[in-house]
Amino acid sequence: MRKMLRVTRIVVAAVAAAGLAGSTVVPAAADTPPDVSTEQARDFGIPPVDQIVHSPNIRQVANLPKQAPLNGKGSTGTDIAFTKGHAIVGNYDGFVVYDVRIPFRPRIVSQVLCPGGQNDVSVSGDLLFLSTDYPRSDSSCNSQAQPGSNPASWEGIKVFDISDLARPKYVAAVETDCGSHTNTMMPGKDGKDVFLYVSSYAPAADLPKCQPPHDKVSIIKVPVKNPAKAALVATPVLFPDGGNLGGQNPDGTRRSATTGCHDLTAFPEKNLMAGACMGDGVLIDVSNPLQPRVIERVQDNVNFAFWHSATFNNEGTKVIFTDELGGGGLATCNAKFGPTRGADGIYDITGSGDQRKLAFRSYYKIPRYQSDTENCVAHNGSLVPVRGRDIMVQSWYQGGVSVWDFTDSANPKEIAFWERGPLSDTEPVGGGTWSAYYYNGYIFSSDMVKGLDVLDLFDWRTLPAKLVRYDEFNAQTQPRYGLF
């Protein structure tokens, strides 16, 4: 562990987003009512390069492009965490702190140059947690890339003090087997500690610090008042039988074997966690945070290729699992893959206690075909906080942002969408929105290439969400919203 390591900090002047990237096309309301049917949405065709299209009930209010030094060829924008009216966006080369208290005029408060992709982020109070999943020469922000076969390579979690959002300070590092692809923050019951559940996968015989089998998660304990003492405290095995063995689905595409988890989502109020674990979807009891127990496990060996992420509904009675077919780099939103591949799987939670089960109800996929040059698949999203309805906003890479209602688990429907045309109409180019989350009345989208987008959703079904306010929000640590 290296304490108080030097961080290169670049403070960028405020940038008003008065001129939005690309022109905007709003399809006529007669052609696109707020409930966007499959047939109507497909009639739009594929927009030209960088052209914005959207349903009438959503609009872009700001775009803030990435700034140097986090705007290079490899500076891919990633996940988002929120604190004190600020959005902290991960980047393969570090992270960016945006002031979004005025959503139509976001500004960059600070940038931290700290390469180590994919730099997934979560926050708790004055602490920021950053995932490093690329082997580095050491744990510092000045490290160099090096092969994972080198036994001296480092991967894991970095901890920053963000009490001053303009000057984040690096205070600790904790190494974990196979690195940290994502991390999920779980607050301790006494408020003295924070627990991080580290998801990682893909072991190999030639990786000294990532040996198979790797059917576990790593749990880090961070003392809130002394984060420099953060330490690995448990590595529970979730799949003692090895999990899904992988193979081929009926259409010939590869199904991932389970060698760890890609993402875990906590629902602290119910002591539950949902795990998207490559070949398996799991429901986990976390009453004892250091001894998580799998109480239900499901597989879909027909349509799912890679269980990627999970989202509970507000009552904790449903789970949405995403299938990242093609690893986020494939064009799957087309006729070839149809409506059930690279989609969301909607599961109801039935029963109680250790007898709870995950019952499959339906699939959801955006109803607009994308071009074969656009990477498009189900990705990160969050609930739109409306009591009595289950509504989610979600990223689909170059498929854009989709808002959809799954109150009826068997009949999900899209109610709003926003997207750009392809980055290229002649060759595959990776990009699009990585995460889209609802926070304090607006949708914030981290575009891998284009930077931060802010969208305003104005629909009668979601208007109550405008009243819900969070000081802190991590999509993978779901709060339960109340009386709205």
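A donor-acceptor pair shorter than 3.5 Å can be found between the side chains of N301 and R255. Between the side chains of Y397 and E419, no donor N or O sits under 3.5 Å from an acceptor N or O. A donor atom on one side chain and an acceptor atom on the other are found under 3.5 Å apart for D405 and T407. Between the side chains of N183 and Y197, not a single donor N or O lies within less than 3.5 Å of an accepting N or O. Using modelled atom types and a 3.5 Å distance limit, the side chains of T340 and N303 yield a donor-acceptor pair. Residues W418 and Q60 bring no donor and acceptor atom of their side chains to less than 3.5 Å of each other.
Between I295 and G353, the closest heavy-atom pair is CD1-O, 3.9 Å. Heavy atoms only, all atoms of each residue included: P69 and Q111 are closest at CD-NE2, 3.7 Å. Taking all atoms of both residues into account, the shortest heavy-atom contact from V319 to A274 is CG1-CB, 4.0 Å. Residues A305 and D323 share a closest heavy-atom pair of N-OD1, 2.9 Å. Scanning all heavy atoms of the two residues, the minimum distance from S435 to S395 falls at C-OG, 2.9 Å. The two residues V237 and P240 make their nearest non-hydrogen contact at CG1-N, 3.8 Å.
Annotation: disulfide bond (SG atoms under 2.5 Å apart) contacts involving residues 434-472, sequence neighbours excluded, are absent.
V393 places a side-chain heavy atom less than 4.5 Å from the side chain of V401. The shortest distance between side-chain heavy atoms of I80 and V121 does not fall below 4.5 Å. Side chains of D456 and K466 form a contact here, defined as non-hydrogen atoms less than 4.5 Å apart. Counting only heavy atoms from C-beta outward, the side chains of I349 and L283 approach each other to under 4.5 Å. The shortest side-chain heavy-atom distance between M273 and T477 does not fall under the 4.5 Å cut-off. Under the 4.5 Å side-chain criterion, counting only non-hydrogen atoms from C-beta, R59 is not in contact with L455. Two residues are said to be in side-chain contact when any heavy atoms from C-beta on lie closer than 4.5 Å; N91 and N119 fail this criterion. Contact annotation: the side chain of E414 approaches that of I366 to within less than 4.5 Å [non-hydrogen atoms, C-beta and beyond].
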> Between T311 and L383, is a side chain to side chain contact (heavy atoms under 4.5 Å, CB included) present by the stated rule, with each step listed?
Replying inline: CA-CA 8 Å; T311 303; L383 296 182; 4.2 Å; yes
>> For R297 and F239: C-alpha separation, side-chain torsions, deciding distance, then whether side chain to side chain contact (heavy atoms under 4.5 Å, CB included) applies.
In response: CA-CA 10 Å; R297 190 175 89 188; F239 301 97; 3.5 Å; yes
>> Under the criterion side chain to side chain contact (heavy atoms under 4.5 Å, CB included), I'd like the reasoning laid out for W396 against K365: C-alpha separation, chi angles, the key distance, then a yes or no.
In response: CA-CA 9 Å; W396 289 78; K365 191 171 183 179; 3.9 Å; yes
> Could you walk me through whether Y98 and H86 pass the ring pair (Phe, Tyr, Trp, His ring centres under 6.0 Å) check?
Replying inline: CA-CA 5 Å; Y98 296 91; H86 291 69; 9.9 Å; no
> Which is it for Y470 and Y481 under the side chain to side chain contact (heavy atoms under 4.5 Å, CB included) test, yes or no, and what are the steps along the way?
Replying inline: CA-CA 9 Å; Y470 294 116; Y481 45 87; 3.4 Å; yes
>> I'd like to know whether S163 forms a side chain to side chain donor-acceptor pair (under 3.5 Å) with D126, so could you lay out the CA-CA distance, the side-chain angles of the two residues, the decisive distance to 0.1 Å, and finally the verdict.
In response: CA-CA 5 Å; S163 53; D126 289 334; 5.0 Å; no
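Not one N or O on the side chain of H262 forms a donor-acceptor pair closer than 3.5 Å with the backbone of C277. Using modelled atom types, one side-chain atom of D280 and one backbone atom of N244 make a donor-acceptor pair closer than 3.5 Å. With hydrogens and angles ignored, the 3.5 Å screen pairs a side-chain donor or acceptor of S180 with a backbone N or O of T182. A donor-acceptor pair under 3.5 Å is absent between the side-chain atoms of R136 and the main chain of D133, judged by distance alone. Remark: side-chain polar atoms of T322 are not paired, donor with acceptor, to backbone N or O of H379 under 3.5 angstrom. Looking only at distances, no side-chain donor or acceptor of T462 sits under 3.5 Å from a matching main-chain atom of A465. A donor-acceptor pair under 3.5 Å is absent between the side-chain atoms of T132 and the main chain of E155, judged by distance alone. Between the side chain of N474 and the backbone N or O of Q476, no donor-acceptor pair lies under 3.5 Å. When atom types are taken as modelled, the side chain of T184 and the backbone of L264 share a donor-acceptor pair closer than 3.5 angstrom. Using modelled atom types, one side-chain atom of N375 and one backbone atom of G328 make a donor-acceptor pair closer than 3.5 Å.
We find that D164 and R167 are joined by a salt bridge, their nearest charged nitrogen and carboxylate oxygen being less than 4.0 Å apart. One finds a salt bridge joining D390 and K318 here, because a Lys/Arg side-chain nitrogen approaches an Asp/Glu carboxylate oxygen to under 4.0 Å. No salt bridge links K209 with D177; every basic N to acidic carboxylate O contact stays at or beyond 4.0 Å. The pair K270-D285 fails the salt-bridge criterion, with no side-chain N (NZ, NE, NH1 or NH2) lying under 4.0 Å from an Asp/Glu carboxylate O. Ion pairing of E269 with R480 is present here, as a side-chain N (NZ or NE/NH1/NH2) and a carboxylate O approach within less than 4.0 Å. Checked for salt-bridge contact, D348 and K357 miss the test: no charged N lies under 4.0 Å from a carboxylate O. Residues K413 and D408 are not paired through a salt bridge, judged by the lack of any N-O separation under 4.0 Å between the basic side chain and the carboxylate. Ionic pairing of D471 and K84 is not present here: no N-O contact between side-chain nitrogen and carboxylate oxygen is shorter than 4.0 angstrom.
If you look at F82 and Y439, their ring centroids are closer than 6.0 Å. Between H181 and Y201, the gap from one ring centroid to the other is short of 6.0 Å. For Y442 and F104, the distance between ring centers is not under 6.0 angstrom. With ring centers used as reference points, F473 lies 6.0 Å or more from Y438.
Taking a 6.0 Å sphere around NZ of K189, one finds it holds more than 12 heavy atoms contributed by other residues, nucleotides or ligands. In the displayed structure, Q211 atom CD is contacted under 6.0 Å by more than 12 heavy atoms of other residues, nucleotides or ligands.
The side-chain hydrogen bond (donor to acceptor under 3.5 Å, both in side chains) test with S445 singles out one residue from D453, N63, T433, and that residue is T433. The ring-ring contact (aromatic ring centres under 6.0 Å, His included) test with F321 is passed by exactly one of F312, Y347, F306: Y347.
In this structure, CG in L130 is found 10.5 Å from CD in Q118, a value given to the nearest 0.5 Å. Taking CG of D93 as the reference point, atom NZ of K66 lies at 9.0 Å (rounded to 0.5 Å).
Scored by the salt bridge (charged side-chain N to carboxylate O under 4.0 Å, His left out) test, D79 finds no partners at all (sequence neighbours excluded). Taking E472 as the reference, nothing meets the salt bridge (charged side-chain N to carboxylate O under 4.0 Å, His left out) condition, with sequence neighbours excluded.
Ring-plane geometry between F160 and Y170 is classed as parallel, the angle between the planes falling under 30 degrees on a 0 to 90 degree scale with a further cut at 60.
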